[in-house]
There are 4 protein chains.
Amino acid sequence: MGAVKTKRMPRAVREQQMLDAAVRTFGQRGYMAASMDEIAELAGVSKPLVYLYLNSKEDLFTACIRREAKALVDAVRAGVRRDLPADRQLWEGLGAFFTHTGENPDAWSVLHLQARTHGEPFAGEVTAMREEIVAFVTQLILAAAREARPQALGCARAARYPHDPELPEREVAGLAEALVGAAESLAAWANATPGVTPRQAAATLMNFAWAGLGDLMAGRPWAPPEEPPGPHVG
Amino acid sequence: MGAVKTKRMPRAVREQQMLDAAVRTFGQRGYMAASMDEIAELAGVSKPLVYLYLNSKEDLFTACIRREAKALVDAVRAGVRRDLPADRQLWEGLGAFFTHTGENPDAWSVLHLQARTHGEPFAGEVTAMREEIVAFVTQLILAAAREARPQALGCARAARYPHDPELPEREVAGLAEALVGAAESLAAWANATPGVTPRQAAATLMNFAWAGLGDLMAGRPWAPPEEPPGPHVG
Amino acid sequence: MGAVKTKRMPRAVREQQMLDAAVRTFGQRGYMAASMDEIAELAGVSKPLVYLYLNSKEDLFTACIRREAKALVDAVRAGVRRDLPADRQLWEGLGAFFTHTGENPDAWSVLHLQARTHGEPFAGEVTAMREEIVAFVTQLILAAAREARPQALGCARAARYPHDPELPEREVAGLAEALVGAAESLAAWANATPGVTPRQAAATLMNFAWAGLGDLMAGRPWAPPEEPPGPHVG
Amino acid sequence: MGAVKTKRMPRAVREQQMLDAAVRTFGQRGYMAASMDEIAELAGVSKPLVYLYLNSKEDLFTACIRREAKALVDAVRAGVRRDLPADRQLWEGLGAFFTHTGENPDAWSVLHLQARTHGEPFAGEVTAMREEIVAFVTQLILAAAREARPQALGCARAARYPHDPELPEREVAGLAEALVGAAESLAAWANATPGVTPRQAAATLMNFAWAGLGDLMAGRPWAPPEEPPGPHVG
DNA sequence: GATGAATGAGCTTTCATTCAT
DNA sequence: CATGAATGAAAGCTCATTCAT
C-alpha cells in the first residue's frame with residue numbers, strides 16, 4: 001500500500017509524494033492524530049527524509065495548507081470567465097468550487113476543518129486564502145450593484161442610505177462572508193449527500209443568494225444559464 | 001489561576017466546574033492538544049477526580065458537547081416567539097443564536113470546530129443538534145412559502161415546477177443548509193470583527209437570505225422590525 | 001451483586017465477609033490485578049471500612065492467606081485418623097486435601113499460585129503452612145519405615161547405608177517434598193480435568209507414591225481400602 | 001548498573017538483551033510488579049525502544065515465556081539419549097531438567113510461577129510446553145511397561161484390569177502429571193536448599209517414582225547407573 | 001541521498017490510600 | 001460506625017525528532 005517504492009527520484013517529485021501522503025493522512029486522521037510514521041510510510045520514504053525535506057510536522061502541515069489553498073483558488077479562478085456579467089461569474093466560480101472540493105475531499109478537510117481547528121499559524125494560512133475569495137465575491141457583489149440596474153440602485157439606495165451613496169463596506173463584507181460561509185457549508189453537505197452534483201449545489205446557492213428566499217417564495221428564482229458552466233471547469 | 005480551591009463540594013457542582021474548565025480548554029487548545037492535566041488544574045481538582053466523575057477524555061468531551069449543544073438550542077428556542085410570522089421567527093432565532101455564540105466563544109468553538117473535526121462519536125453528537133436546527137429552519141421556509149403570498153406562489157410556482165406543486169424537498173433542504181451554514185460562518189466573523197453586534201449580524205443575514213442579493217441591489221432590502229428583538233433574547 | 005447490603009453487623013462478621021470477598025477476588029484476578037474497590041464492592045461495604053478493619057492491601061492479602069492456610073490444614077487434619085497405619089493416614093489425608101482444594105478453588109489459587117508468586121512476606125506465610133504438611137508427611141514416611149517391615153528394613157538398609165542406620169534426613173525431606181509437590185500438581189489437574197474425583201486423584205497418587213512405577217508395572221499396585229475415605233472427610 | 005550502555009547494536013542483539021532483562025525482572029519482581037521502566041533500564045535502552053521491538057508488556061512477557069520454554073525443552077531433549085531404556089532416559093531427562101532450572105532460576109520462576117499465575121494467554125503458552133513434557137513422560141511410562149517385564153505385566157495386569165489389557169489412559173495421564181508435578185516442586189526445593197545438586201534431586205525423584213515408597217522402605221531402591229549422567233548434560 | 005537505531009518528553013489512565021463529615 | 005470526596009504517585013504507551021552510518 002502507499003506509493004510504490006521507487007528509488008532516486010528528484011527532490012521536487014519526492015516532496016510532492018510526501019505532500020500527497022500528508023494531505024491524505026491529515027485529512028483523514030486529523031492533524032494531531034496523524035503520525036509522521038504513517039505519513040512517511042504512505043509516502044514510501046523513511047522518516048528522516050521527511051524531516052530533511054519538510055523540516056517538522058508543523059512545516060509539513062503548513063506546506064499542505066499552502067499547496068491545497070493555492071490549488072483551490074487556482075481551480076476557482078480557472079473556472080471563471082472574467083468578461084461575463086457578475087452573476088454568471090459567481091455561478092461559474094461556485095461550480096468550480098464545488099467540483100474541486102468534491103474531487104479532493106481530503107484537501108478540503110485539511111483546509112476547512114483541520115487548519116481552522118488547530119490554531120495559529122495554520123488558521124492564518126487558510127484565512128489568507130479565504131480573504132482572497134471573499135474579496136473576489138465582494139467585487140462581484142459591487143459589480144452587480146453597479147452593472148445590473150444602475151438607476152434603480154441609484155434612487156432606491158439613496159432613499160435607504162441617504163448619507164451613504166454606496167452599500168456600507170461592512171454590510172457588503174458581511175454579505176460576502178455569508179455567501180462564502182454558505183458555500184463552504186454546502187460543500188460538506190453536497191459531499192455527504194449522495195446524488196447532489198456540483199451543479200445542483202451551485203444552483204441552490206445561486207437561487208438562495210441572488211434571488212433570496214422572498215423571491216423564491218414568490219416563484220421568481222434566479223435563472224441558471226441554459227448552457228452548462230462550461231467544459232473548462234474542472 | 002483557575003477556580004479557587006474550595007474543598008468538599010457535592011458531586012454535581014464539581015462536575016459542572018469540570019465541564020466549565022473542559023469547555024474552555026477544549027475550545028482554546030483543541031481536543032487533542034488539551035491535556036487532562038490542564039483541565040483538572042483549571043477546574044481546581046486533581047486528575048483522578050476528573051476520571052472518577054467523567055470516566056475518560058472521550059466521555060468528558062462528549063459531555064461538553066452535549067451540555068453546550070443543549071444550551072445553544074435552548075437559547076435559540078427561548079429567543080423565538082412561535083406565534084409570529086416566519087420571517088420574524090427567523091430574525092429572533094438568529095439574534096439569539098449570534099448572541100449566544102458571541103457570549104460563549106469557547107462553547108461555540110467546541111461545537112463548530114472541535115467536535116466536527118475529530119470524527120465519531122463527536123461529530124454525530126453535534127450533527128444531531130444541527131439537524132434539529134436545520135429542521136426548524138426548514139419549517140420556517142415552508143411556512144413562509146405558505147403564509148406569505150399563497151396566490152402568487154400558486155401560479156408562479158406552477159409555471160416553474162409544473163409536475164410538483166411544492167418546492168422539491170431536497171431543494172428546501174439545501175436552502176436550509178445554506179442558511180444555517182451562512183449563520184455559522186457569520187458567527188465566527190462577528191466574533192472576530194470588533195464592533196459587529198449580534199443584531200447587525202442577524203440583519204445582514206436576514207437581508208441576504210430573505211431579500212436576496214438581487215433585491216438588495218434593487219434597493220429592496222428586508223425590513224427589520226422597528227422594536228429590538230426584545231429583552232427576552234438571551 | 002455481591003453480598004446483600006446489611007447494616008450494622010458485628011465486626012467479626014464483617015471481617016469474614018471482607019475476607020470472603022478478598023479471597024474470591026484475589027483468587028480470580030490475582031493479587032495485583034485485584035483492586036480494593038472491587039473487593040469492597042463485593043463485600044458490600046465502603047472502602048474506608050476495609051482499611052479500618054484490615055489496614056492495607058498487604059495485610060488483607062496476608063489475612064486471606066492465613067485464614068485459608070489454616071482452613072486447609074484443619075481440613076486435612078480432620079480427615080485423618082491418627083490411629084491408623086501410615087499408608088491409611090496418607091490416603092485419608094490426600095482425600096481430604098483433594099476434596100478441600102476442589103471445593104475451594106479460589107482459596108487454593110490464593111495459596112498455591114498468588115501467595116507464592118508475589119514474594120515476601122506472602123510466600124513465607126504459605127511456606128509455613130507447607131512445612132507443616134511436609135513435616136506431617138515426613139512423619140508418615142518414617143513411621144511407615146518403622147512399622148511396616150522392621151527387620152527387612154534393618155538388614156537391607158544396613159547394606160545400603162552402612163554408616164547411617166536411618167534413611168538420611170535430607171533424602172526423606174526430598175521424598176516428602178516430592179510427594180507434596182505431586183499432590184499440589186494433581187490438585188490443579190483434578191480441578192481442570194472433568195470427571196476426576198478427589199478419590200481418584202488420591203488413589204493415583206497413592207499408587208504412584210507407595211508402590212512406585214516399578215511395582216505398578218509389575219502389576220502390584222497399592223491397594224486402596226474397600227470402604228470410602230469416610231464421611232468425616234470434609 | 002545493568003548492561004553496559006553500548007550504542008547502535010543490530011536489532012536481533014538488542015532484542016536478546018531486552019529479553020534477558022525482562023526475564024530477570026519478571027522472574028524477580030513478578031509480571032505485574034515489574035515495570036517497563038525497570039526492564040528498559042536493566043537492558044540499557046530507553047523505553048520506546050522496548051516498545052518498538054516488543055510491542056507491549058504482554059507481548060514482551062509472551063516472548064520471554066516462549067524463549068525460555070523452548071530453552072528448557074531443548075535442554076531436556078539434549079540431555080536424553082533416546083536409545084537407552086526408559087528409566088535411564090527419565091533419569092537423564094530429570095538431570096537435565098534440574099540442571100537447567102537450577103542454572104536459570106529467573107527463567108524457571110517465569111515459567112513455573114509467573115506465567116501460570118497471570119491467566120491467559122500466558123498460562124496457555126506454558127501449558128503447551130508442559131504438555132510436551134508430560135507426553136514425553138507418558139511415553140516413557142508406557143515404554144517401561146512394555147519393555148521391562150512383558151510377561152509379568154501380561155498376567156498380573158490381566159488380573160487387575162481384566163477388561164482392559166492396557167493401563168487405563170487416564171491413570172497413566174495422572175501418573176505422568178504427578179511425576180512432572182513432583183519434579184517441578186523439587187526444582188524449587190533444590191534451588192532453595194543449599195547443597196542439593198541436580199543429581200541428588202534427580203536421584204531422589206527416581207527413587208520416589210520408580211521404586212515407590214513401599215520398596216524404598218523395604219530397602220530396595222532404584223539403582224542409579226554407576227557412570228554420571230554424562231558430560232553432555234547441560 | 002537515504003536509513004536503521006535510538007530517545008526525551010509527555011499523555012491518558014489507574015490505584016492504594018486518606019480526610020472530613 | 002460508616003462513607004462520599006479527594007489525591008500523590010506511578011504505570012503503560014506514543015510521538016516528534018535526531019544521530020551515525
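Lettering follows sequence order; numbering is per chain, from 1. Every value quoted in this text rests on a predicted model; they were computed, and no experiment measured them. Scope of the values below: all heavy atoms of this structure, side chains included, with no hydrogens, waters or symmetry mates.
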inquiry  = I'd like to check the side-chain hydrogen bond (donor to acceptor under 3.5 Å, both in side chains) partners of B/Ser109; sequence neighbours left out, ordered by chain and number.
reply    =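 Testing B/Ser109 for side-chain hydrogen bond (donor to acceptor under 3.5 Å, both in side chains), a comparison that skips the adjacent residues, returns none.
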
query = From F/dA6, E/dT3, F/dT3, pick the nucleotide closest to the side chain of A/Val45?
reply =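 Of F/dA6, E/dT3, F/dT3, E/dT3 is nearest to the side chain of A/Val45.
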
query = Within less than 4.0 Å of OP1 or OP2 of F/dA2, is there a side-chain N or O belonging to C/Arg14?
reply =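 For F/dA2, OP1/OP2 do have a side-chain N/O of C/Arg14 under 4.0 Å.
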
message = Does E/dG1 have its OP1 or OP2 closer than 4.0 Å to a side-chain nitrogen or oxygen of A/Tyr53?
response =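 False: A/Tyr53 side-chain N/O out of range (4.0 Å or more) of E/dG1 OP1/OP2.
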
Nearest whole Å is fine: how far is [N] [atom2] from [X] [atom1]?
| X | N | atom1 | atom2 | answer |
| --- | --- | --- | --- | --- |
| B/Glu38 | E/dT12 | CD | P | 10 Å |
| B/Met18 | F/dA6 | CE | P | 7 Å |
| A/Leu49 | F/dA16 | CG | C1' | 16 Å |
| D/Met9 | E/dT7 | CE | C1' | 17 Å |
| A/Phe61 | F/dA16 | CZ | P | 13 Å |
| A/Ile39 | F/dC15 | CD1 | P | 12 Å |
| B/Glu41 | F/dG8 | CD | P | 12 Å |
| B/Leu52 | F/dT3 | CG | P | 16 Å |

query = When the C1' atoms of the five terminal pairs at each end define the local axes, what inter-axis angle does the helix from E/dA2-F/dT21 to E/dT21-F/dA2 show, to 10 degrees?
reply =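 Comparing the first five pairs with the last five, the axes sit 20° apart.
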
inquiry  = Contact between B/Glu41 and B/Ser46 at the side-chain level, heavy atoms closer than 4.5 Å - yes or no?
reply    =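 No - every pair of side-chain heavy atoms lies 4.5 Å or more apart.
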
task = State the CG-CG distance between C/Asp37 and C/Leu42, to the nearest 0.5 angstrom.
result =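 Rounded to the nearest 0.5 Å, the CG-CG separation comes to 12.5 Å.
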
message = Strictly distance-based, threshold 3.5 Å: is any side-chain N or O of D/Lys57 a donor or acceptor partner for the main-chain N or O of D/Ala34?
response =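 Yes; at least one donor-acceptor contact below 3.5 Å.
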
Using atom types as modelled, flag every donor-acceptor pair under 3.5 Å from a side chain in residues 48-55 of chain B to any protein atom, sequence neighbours excluded.
none

request  = Take the angle between the ring planes of A/Tyr31 and A/Phe26 and call it parallel below 30°, perpendicular above 60°, tilted in between.
outcome  =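 Tilted: the ring planes of A/Tyr31 and A/Phe26 meet at 30° to 60°.
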
request  = Kindly write out the residues that satisfy salt bridge (charged side-chain N to carboxylate O under 4.0 Å, His left out) with B/Arg116, not counting sequence neighbours, or none if the list is empty.
outcome  =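 Salt bridge (charged side-chain N to carboxylate O under 4.0 Å, His left out) check on B/Arg116 returns B/Glu184.
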
key: Per-nucleotide protein contact string for nucleotides 14-21 of chain E (B base, S sugar-phosphate only, - none; heavy atom under 4.0 Å)   = BBSBBBS-

message = Does anything in residues 62-71 of chain B form a side chain to side chain donor-acceptor pair (under 3.5 Å)? List the pairs, not counting sequence neighbours.
response =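 Matches after skipping sequence neighbours: B/Gln16-B/Arg67, B/Asp20-B/Arg67, B/Arg66-B/Glu125, B/Lys70-B/Asp74.
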
inquiry  = Is the distance from the ring center of C/His118 to that of D/His118 below 6.0 Å?
reply    =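 Yes, close enough.
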
